[in-house]
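In what follows, every chain begins at residue 1, and chains take the letters A, B, ... in the order their sequences are listed. Values below: every heavy atom of this structure, side chains too, minus hydrogens, waters and symmetry copies.
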Number of protein chains: 2
Amino acid sequence: MALTDDDPRASDEPAVPAPHADTARERTHIGWRPGAPGEQSYEHPLVAVDVVILTMRRRRLEALLIKRRRWPYEGLRALPGSFVRGDESLEDAARRVLERAAGVRDVYLEQLYTFGDPQRDPRARVITVVYYALLRADALPAALAGSTGVIGSGEDAAELTWFPVDALPPLAFDHAEILRYTLQRLRGKLEYTRIGFQLLAPEFTLSELQEVYEAILSRTLDKRNFRKKVLSTGILEPTAHTRKSGQHRPAALYRFNPHADSGA
Amino acid sequence: MALTDDDPRASDEPAVPAPHADTARERTHIGWRPGAPGEQSYEHPLVAVDVVILTMRRRRLEALLIKRRRWPYEGLRALPGSFVRGDESLEDAARRVLERAAGVRDVYLEQLYTFGDPQRDPRARVITVVYYALLRADALPAALAGSTGVIGSGEDAAELTWFPVDALPPLAFDHAEILRYTLQRLRGKLEYTRIGFQLLAPEFTLSELQEVYEAILSRTLDKRNFRKKVLSTGILEPTAHTRKSGQHRPAALYRFNPHADSGA
DNA sequence: TCAAAAGTGTTGCAGGTACACCCATGA
DNA sequence: TCATGGGTGTACCTGCAACACTTTTGA
C-alpha cells in the first residue's frame, strides 16, 4: 500500500507505525503492537487494497508506481494502496485509491487476488486485496501525462512514476509478485473478454488495438490475421473518421460496439 | 463463516457476538462494538476465510454446508469458515477449515475471490476470502460418506450436509452468490486446466471422468468426442486394471499422467 | 519518388461437432 | 438371451496460422 488512510491526497504510507514510531495517532491502530521489526504479535490482520494501475504509453504497457519515503523499503517503488475503511466496500476502497493516485474515476477495475502471507509486511499483519485498473492514456490528468508526477504537497508529497511492465524497478513488499500475477491474469482475460478495449480511447485504429494486444501478450501478432479475427467478431463498428499521423496513409477509426454479443 | 476460531472442531459460529451477547470472550474481539443489529460502527474489518468444499457424489457435484445454530440466519446452511489467525497464511486458514469440516488434507485448494461488502454480515464488518476445494469422494472420512455428518459434540456439535450444487437450500449471508461464482470459475478452469481430475480417485474410468465434466458444465457431452479429445491430450495413461460394476462389460481404468505437458 | 504505415486473400491444418452401432459381461 | 454400460470411426465445418504485395499520404 502507499497512500494513507487518513489524508485525502497524501503520503505513501499507511497508518501503521514504523518500529520505533509511537505517536498517539499511530497507536490508535489495531493489529499492531510495539516490538522490534519482524516481531509477530498481532491478533487480527489489517486489510488493505493495492491497485495495479495500467495504461498504454509510448506503445508499451506501463504501471503507475509510487516511491516509498519511509521504512520499510524506503526509496523503492510500490503499488498505490490504502487501508479499507469501515464503511466502504473493497471496490470502493480501490476506486478511492485510484482517484487519489491517478485522478480518474469510472475506469475498468477488477479484483485480482488477495495476498495474505503473515510476513509480507514487516510492520504488521496486513492482508491486501489487489485490484487492477485499465486506464485510457487519452484520459489521464495532466499531472500524469508525463513519466513522473507528484501528488500531495509538502511532507506528504508522493512521487508517482510510470514504468513499462517489462522494465520494472525493484519493488517493495511482494509487489513484484503481484505485478507478475496481474500480467498473467490480463493475458488470460485478453483471450476471452474485451478488456483490450479498456486501454483505448473511444475511437481507435486497428493498429492501436493490435498494439494493446501485443503489449499485453509481449509478442507480435500477424496483422492480417488480427484484423480478420477482430472484425469477424462484429464487436467493432467503423466510424466515418480517420486519423492522420505522420506522412503516410491515414488509418480508419473504429468504435467498440457494446451491443455485440459475448465477451465481458 | 461457520466454524469458530477458538474450538478445534466445533460450533458453526465465528467469535463475533450476537447483538445482545456480551461475554468477556466475545468482547475481546475487535471490529465489533456494542450496538443494535445492523449498526455500523467499526473501525477495522475482520478477516475470515470460507471454503466451498465440493465433491462428486451420486454422479452429481455436491457442496458441503453447515447448519447455522445462531443468529443471524439461524437454521440456514452456510459455508464452513473461520477467522484468519494472526500467524497463519490465508491458505493455511482455509486448510484448517477444510480439515475441521471435512477431515481431509492435501486436497486441491484454490483462492476464489474476496467478498467485502460492508453489509454482508449483520454482526460486524467481515471481509471473507473464499477458497474452493475439490475432494475425491473415495477419500472422504466415514463421518461424511453419508449425506449428513456431525462434527464436534455437545453445545458445539455442528451438522454438515452435502447438497447438490443445482439443488441448494436457502443459504446464509452472501453464500448463494459465492456458490454461483464458484461454479462459474470452475467451468472456466475446466476448459484449460486439469482440475477435473481432482474430483476422481487415482484410477478412474473414462465414463467417470466424463461425469465430472458433465456435472460441472451441467450439460451432457458426446461420449466419442469426449474420449477422443481427452485421450489425444496424452495426459491419461491406461492401467492394467478394469472396474467391474453391475452385469455389464468392465471399464478400463486410467491414471492421470502428471508428466504430460500443459494444464494445471 | 520515396518513406512509412494502412490495408487486403488464400491455403493448409487442427480441432470440434454430429452421428449409430457392436462388444463384453452377469443375471 | 437380454439388459446394461463400454467402446469405437467418419465426414463436415470452423477457426487459426502462415505468408507478400498494393495503396495512400506528406515530405
Side-chain angles (χ1 to χ4, degrees), chain A residues 56 58-60 187-188 190-194 196 200-201 203-215 217-255 260-263, chain B residues 56 58-60 187-188 190-194 196 200-201 203-215 217-255 260-263:
Chain A
M56 286 293 291
R58 299 154 20 96
R59 305 194 165 183
R60 294 185 300 190
R187 288 188 188 114
L190 199 60
E191 291 178 2
Y192 62 96
T193 69
R194 295 167 182 169
L200 292 172
E203 297 196 350
F204 49 86
T205 70
L206 291 180
S207 295
E208 287 166 349
L209 183 60
Q210 185 172 347
E211 280 162 13
V212 168
Y213 275 71
E214 290 180 338
L217 300 173
S218 49
R219 64 188 173 91
T220 59
L221 299 173
D222 180 86
K223 184 167 53 161
R224 280 169 295 186
N225 291 337
F226 181 81
R227 284 162 186 248
K228 215 184 318 167
K229 182 178 172 184
V230 73
L231 290 175
S232 74
T233 63
I235 58 177
L236 292 192
E237 45 185 38
T239 69
H241 314 141
T242 56
R243 170 168 304 158
K244 305 188 210 296
S245 68
Q247 61 259 42
H248 48 270
R249 180 170 175 175
L253 287 170
Y254 289 82
R255 183 190 305 121
D261 49 298
S262 91
Chain B
M56 285 293 292
R58 300 152 21 95
R59 303 193 167 184
R60 294 187 297 189
R187 286 186 189 117
L190 199 60
E191 290 178 2
Y192 63 98
T193 69
R194 296 167 181 165
L200 292 172
E203 296 195 351
F204 49 85
T205 69
L206 291 180
S207 294
E208 286 166 351
L209 183 60
Q210 186 173 346
E211 280 163 12
V212 168
Y213 275 70
E214 290 180 339
L217 300 174
S218 49
R219 64 188 173 94
T220 59
L221 300 173
D222 181 85
K223 183 165 55 159
R224 282 168 295 189
N225 292 337
F226 180 80
R227 286 162 186 247
K228 215 184 321 168
K229 181 178 173 183
V230 73
L231 290 175
S232 74
T233 61
I235 58 176
L236 293 191
E237 43 184 37
T239 68
H241 314 140
T242 56
R243 169 166 306 157
K244 303 188 211 298
S245 68
Q247 59 260 39
H248 46 271
R249 180 171 174 175
L253 287 170
Y254 289 81
R255 182 192 303 123
D261 49 297
S262 94

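Looking at every heavy atom in both residues, Val212(A) comes nearest to Gly196(A) through CG1-O, 3.7 Å. The shortest heavy-atom contact between Met56(A) and Arg59(A) is CE-C, 3.8 Å. In terms of heavy atoms, Asp222(A) sits closest to Gln210(A) at C-NE2, 4.1 Å. Of all heavy-atom pairs between Glu214(A) and Leu221(A), the closest is OE2-N, 2.8 Å.
DNA chain D is contacted by both Leu231(B) and Lys223(A); Leu231(B) maps to the nucleotide lying nearer its 5′ end (nearest heavy atom per residue).
Read 5' to 3', the first and last nucleotides of DNA chain D with an atom closer than 4.0 Å to a heavy atom of chain B are dA3(D) to dT10(D).
Under the side chain to side chain donor-acceptor pair (under 3.5 Å) criterion, Glu191(A) pairs with no residue at all, not counting sequence neighbours. With sequence neighbours left out, Arg227(B) forms a salt bridge (Lys or Arg N to Asp or Glu O under 4.0 Å) with no residue at all. Annotation: salt bridge (Lys or Arg N to Asp or Glu O under 4.0 Å) contacts of Arg187(A) (sequence neighbours excluded): none.
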Check: protein-nucleotides 13-18 of chain C nitrogen or oxygen pairs below 3.5 Å:
unit_1, atom_1, unit_2, atom_2, d
dT17(C), O4, Lys228(B), NZ, 3.3
dA18(C), N7, Asn225(B), ND2, 2.9
dA18(C), N6, Asn225(B), OD1, 3.0
dA18(C), N6, Lys228(B), NZ, 3.3

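A heavy-atom distance below 4.0 Å to DNA chain C is reached by these residues of residues 243-255 of chain B, ordered by number: Gly246(B), Gln247(B), His248(B), Arg249(B), Pro250(B).
Rounding to the nearest 0.5 Å gives a distance of 9.0 Å between OG1 of Thr239(B) and CD of Glu237(B).
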task: May I have the step-by-step check of side chain to side chain contact (heavy atoms under 4.5 Å, CB included) for Leu253(A) and Thr242(A), ending in yes or no?
output: CA-CA 5 Å; Leu253(A) 287 170; Thr242(A) 56; 5.7 Å; no
message: Between Leu200(A) and Tyr254(A), is the side chain to side chain contact (heavy atoms under 4.5 Å, CB included) condition met? List the steps.
response: CA-CA 11 Å; Leu200(A) 292 172; Tyr254(A) 289 82; over 6 Å; no
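Close to dA6(C), at under 4.0 Å from its OP1 or OP2, lies a side-chain N or O of Ser207(A).
Remark: C1' of dA6(C) and CZ of Phe226(A) are 14 Å apart, rounded to the nearest angstrom.
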